[in-house]
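Report on one structure; see the data block that follows.
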Amino acid sequence: MTRPTIPSLRLLRLREHQLFLALTVVVGIVAGLSAVLFSVAIDWMTRVFFGLEPSNARLFLIPVSVSLVTGFLLVKVFPDVRGSGVPQTKVAVHLHGGEIPARVPIGKFLTGVLCIASGHSMGREGPSVQIGAGIASAIGRWLRLPPDRLRDLVPVGAAGALAAAFNTPVAAVLFTLEEILGDLNASLLGSTVIASVASVVVERSILGNEPLFRVPIYHLEHPAELLAYAALGIVGGILSLLFSQALLRSRALFKRMPVSTRMLQPAMGGALIGLLIILSPAVMGVGYEYVDRALNGGLVLKTLLLLCGLKMAATIFSYASGNAGGIFAPSLYIGAMAGGALGTLVHRFAPFPTAEPGAYALVGMGALFAGIIRAPMTSVFMIFEITQDYQILVPLMVANLLSFIIARRFQPEPVYHALLHQDGIHLPAATVSGPEGWTAQEAMEPAPDLVPADASIRLVLEASRDPRRRAVMVQRPDALPGVVTYARLAQAAMAGHQDDAVGSLLEGDPSHLHPDHPADVVIERITSGGGWVPVVSRDDAQQILGVVTLDGVARALRRRTS
Amino acid sequence: MAGASESTLIHRETRALVLLITIAVAAFVLTRAVAHANQERRQRDAQAWFARGTSAWQRGDAELAAQQLRRAAALEPPNLPVRLALAAALTSANAVGEARSVLLEARAGAPENADVSLALGRLEAAHGDPSATISAYQSALNDLWRQSDAPARYQIRSELAHYLLAHAQRGRALSVLLILTADMPDTAVAHADVGRMMLAAGEPARALAQLQQSLALTPSDQAVQLSAGQAAFGAGDDVEALGHLRAAADLGPARDLAAVIALALSHDPLLPRLTAAERERRLRAGLQQVKDRLAGCVTSPDSTPDIAGLALQVQTFENSLAARSKRRGEPVVDLIDDGVELIARVENETTGCGVASPLDQALSLIGRRHEARS
């Protein structure tokens, strides 16, 4: 076979671009349809499970019994579909080159419908994102797209699905860039816009033009009101922190339970949810009907406060126990209730004219979203798309900014990243483009001998036979591995601690590196790591790839300069 | 060969794309069918909740009704009857703010629906400010432009006019009434209602015309006779007024007003076609009445120095009258006006001295009538 000529290659490249463009439209449409079907299925199954007016027994038994089924599915059949779907999509894009197994969108659809329809307090947007991304990946792999194109198609599917799920095409694009890709200047802007538009056109042709929320036009009644909105931003930041911390700690609690309970954990969450929804059915499922009421001033102060607290608890129970569903919608719900409550107080006691409490509920939605999800641009545009009113933008930006700053100040790691960390997955930082130079991969050496953390210092010293070895790698369950030098071991033995576990010599969270870390990060961490830093996989922080030492850094530098 | 592999590649891509599009179309059809079935199910559920909510409201349980109608509205947002029922239930449950939001929302979705505008107008009339009320009613009227909508337009204008009169906006009420008369049903009830509103708006002549039309259809309606009597009285036609009032003799207010009017007719010294002697007699009778009233006021604990001064003025006037009549050939007619004015002033100043008798009321009326004419 003769090689293609240069004009033919150029033609093929053009066709690839055109093919990708066509795929963008098709993926946007299919992802949008999947989101619509997902939403409809949840609605239908909710009716099937609970009927028109369920009894208290049914309110309790449905979440428990359905969660037993989903527990089995999530452990045995679809182990990759627990949780929201947004962090998992990010992992697929950044670590797996866009590869998402076909069973993931299928499993997410099935378990998502069952979990949310059975009353768990979770959102449908996160699962929609993962389903759309999975569909895009499946299409891309079927068409045997090149790896870079496959990776690019996945966020396109995510954007399409989210646009249909929330009926906000602009916010969907921004969320994809801001959260999934982590880069607002991504070259995929055009593709995500096309997919988002195609998806929304399809969604509206099926579901009509009814807005998700019916929001009156709200105005800034007096400049002094900005102070009230600033206060809302502060409250939002604090609540975001509380929620995120409680979620992470509760999830850590469930993860520490014996492995044999994993199949039952969703049902444990189901039992807690069952009790909560007997107390207040308003906290079950997505709950947009109650958000709508808060936005229209239809809830009194006591109800707003109660629902805010109960929804936080319900979402934490549902998510932490391992069910399939997102935190997107619960963030908006909690924000609406908190904002509405503060707005009620402001409206009652402020010495200056103020807007109705519904305005504060609207801004509260954005503030909590910015604080929890850490997507402030998405938050502003999402609220704007819901209201189509410029006048609320200024208070919204004020509240969003404050909430975001406060939440980030006290919890620098966004909740999605923190959830992945709990699973041993470390995503790269948002700004991946580092200086041109060497990476940790180039300075890496084979890992030293691996010893369990509970091995005694005496045993480790006796087992060491190779005089060239200067350190050992200590493997710790549920924590990053660390490196202990033989000098340190000898010192500990001489001090009479030879029977202590070698893991006791590691203090706190030791430094670690990933293969793609740039030179400046390597140098910073090797300085603080005492000259030895383990290199672990981003995909699984327990997987040790090697170690970086000062010698390795020197060799990498010499190679670069020679 | 290169061309052949290129061709194969292109055909494979094209086939794949066509297949994908086919799958997308099939998925669209399936999704739409499922969504449509779900929508029908939601509508059935909405109807079930609507029925429950309506039943609860009829039983008087406004809060339960609101709760159930909210479920119906959430299941089928564009359903206007549900939203209207929800707004009514919320209003009954004192959730006026939420009721207003529901109606505003409904109007945003159906800006030309008169029922929604009217419901909003009624809500604002009961709980809101006049400008919002008028605006809502005007919107309702603007939505009813067909010939067949005339009865509805009448009903709305009538409600609006009643509201405006209740809020002392007589000028605006009159504007509405004038438009209303051009488009109103020809029934006794309608004419009577409009006539009464005209009277309240300060247009007794127009009111009388409407009431007479009502009486032409139902002559035996004493309530209308009373209103017609009041209108005629207000228009200054006492004879007609008496006629109507006597036809409503079974009604206390009619009898009372008729008595006053009759006394006014028999004690007014400035009526046309009276002899000089009759004028003087009537004037003296009036002076005697106010003297008696002043005598009662002087002994009253609420008496003021003005009362004594007035009594002196009356006595002085009586003396002048007596002196003039003694001098034969000197007419007293030029004193009649001053006398009527003095009597009216005394009646006005003595309103705090106890209940005014029908004659006192008649004397005050005489004074007001003549003041208005001069």
Side-chain angles (χ1 to χ4, degrees), chain A residues 1-5 8-9 11-12 15-16 18-19 22-23 25-30 32-41 43-44 47-48 51-53 135 139 142-144 198 202-203 205-208 210-211 214-217 288-290 292-293 295-300 356-358, chain B residues 1-6 9-10 12-39 41-42 44-46 48-49 52 66 68 70-71 73-78 83 86 90 95-102 104-106 108-109:
Chain A
M1 185 187 296
T2 55
R3 282 188 183 172
T5 60
S8 300
L9 274 173
L11 184 64
L12 277 172
R15 287 203 53 84
E16 185 185 302
Q18 288 163 348
L19 175 66
L23 274 181
V25 176
V26 174
V27 163
I29 290 170
V30 177
L33 288 172
S34 73
V36 170
L37 200 58
F38 187 63
S39 174
V40 169
D43 195 34
W44 202 320
R47 178 65 167 85
V48 168
L52 206 57
E53 209 164 5
I135 289 171
I139 291 172
W142 178 57
L143 288 171
R144 287 181 240 157
V202 159
E203 178 254 332
S205 71
I206 294 173
L207 297 180
E210 287 297 323
R214 298 165 170 270
V215 185
I217 302 290
Y288 282 153
E289 181 188 333
Y290 293 92
D292 193 85
R293 285 181 63 188
L295 293 175
N296 283 278
L299 299 173
V300 296
E356 295 290 326
Chain B
M1 290 286 276
S5 63
E6 244 180 70
L9 181 67
I10 290 165
R12 185 171 67 83
E13 288 171 352
T14 307
R15 275 201 308 270
L17 208 51
V18 167
L19 185 58
L20 269 177
I21 290 168
T22 308
I23 292 170
V25 169
F28 177 83
V29 172
L30 169 70
T31 306
R32 195 171 63 168
V34 171
H36 184 69
N38 187 54
Q39 186 57 28
R41 190 267 310 161
R42 287 174 69 93
R44 285 194 300 273
D45 287 349
W49 281 114
R52 291 180 188 204
Q68 291 172 334
R70 271 196 207 102
R71 300 289 298 269
L75 286 164
E76 201 181 355
R83 293 218 161 244
L86 173 59
L90 286 167
V96 174
E98 194 181 344
R100 185 182 285 115
S101 288
V102 168
L104 286 171
E105 195 183 299

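Note that these values count all heavy atoms, side chains included, but never hydrogens, waters or copies made by symmetry. What you see is a predicted model, and the numbers here were worked out from it, not measured in a lab.
- With a 4.5 Å cut-off on non-hydrogen atoms, B:L19 touches chain A through its side chain but not through its backbone.
- Here the side chains of A:V202 and B:F28 are in contact, with some heavy-atom distance below 4.5 Å.
- In terms of heavy-atom pairs under 4.5 angstrom with chain B, the leader among A:L143, A:L207, A:L37, A:V30 is A:L37.
- With contacts defined as side-chain heavy-atom distances shorter than 4.5 Å, the pair A:R293/B:E98 qualifies.
- Within the structure, every pair that satisfies the side chain to side chain donor-acceptor pair (under 3.5 Å) test and touches residues 23-39 of chain B, not counting sequence neighbours, is listed here: A:D43-B:N38, B:H36-B:E40, B:N38-B:R41.
- At a threshold of 4.5 Å between non-hydrogen side-chain atoms, the residues B:L20 and A:L23 count as touching.
- Only the side chain of B:R52 comes within contact range of chain A, with heavy atoms under 4.5 Å apart.
- Ranked by heavy-atom pairs under 4.5 Å with chain B, the list A:V36, A:V25, A:L33 is led by A:L33.
- For A:I139, the part sitting under 4.5 Å from any heavy atom of chain B is the side chain, from C-beta outward, and nothing else.
- Going from atom CG of A:L295 over to atom CD of B:E105 covers 10.0 Å, rounded to the nearest 0.5 Å.
- Interface remark: of the candidates B:L17, B:V102, B:L104, B:L17 forms the most heavy-atom pairs closer than 4.5 Å to chain A.
- Chain A forms more heavy-atom pairs under 4.5 Å with one residue of B:A35, B:G109, B:A48 than with any other, namely B:A35.
- Comparing B:G97, B:P78, B:A95 by how many heavy-atom pairs each has under 4.5 Å with chain A, the most go to B:P78.
- Atom CZ of B:R100 is separated from atom CD of A:E356 by 8.0 Å, given to the nearest 0.5 angstrom.
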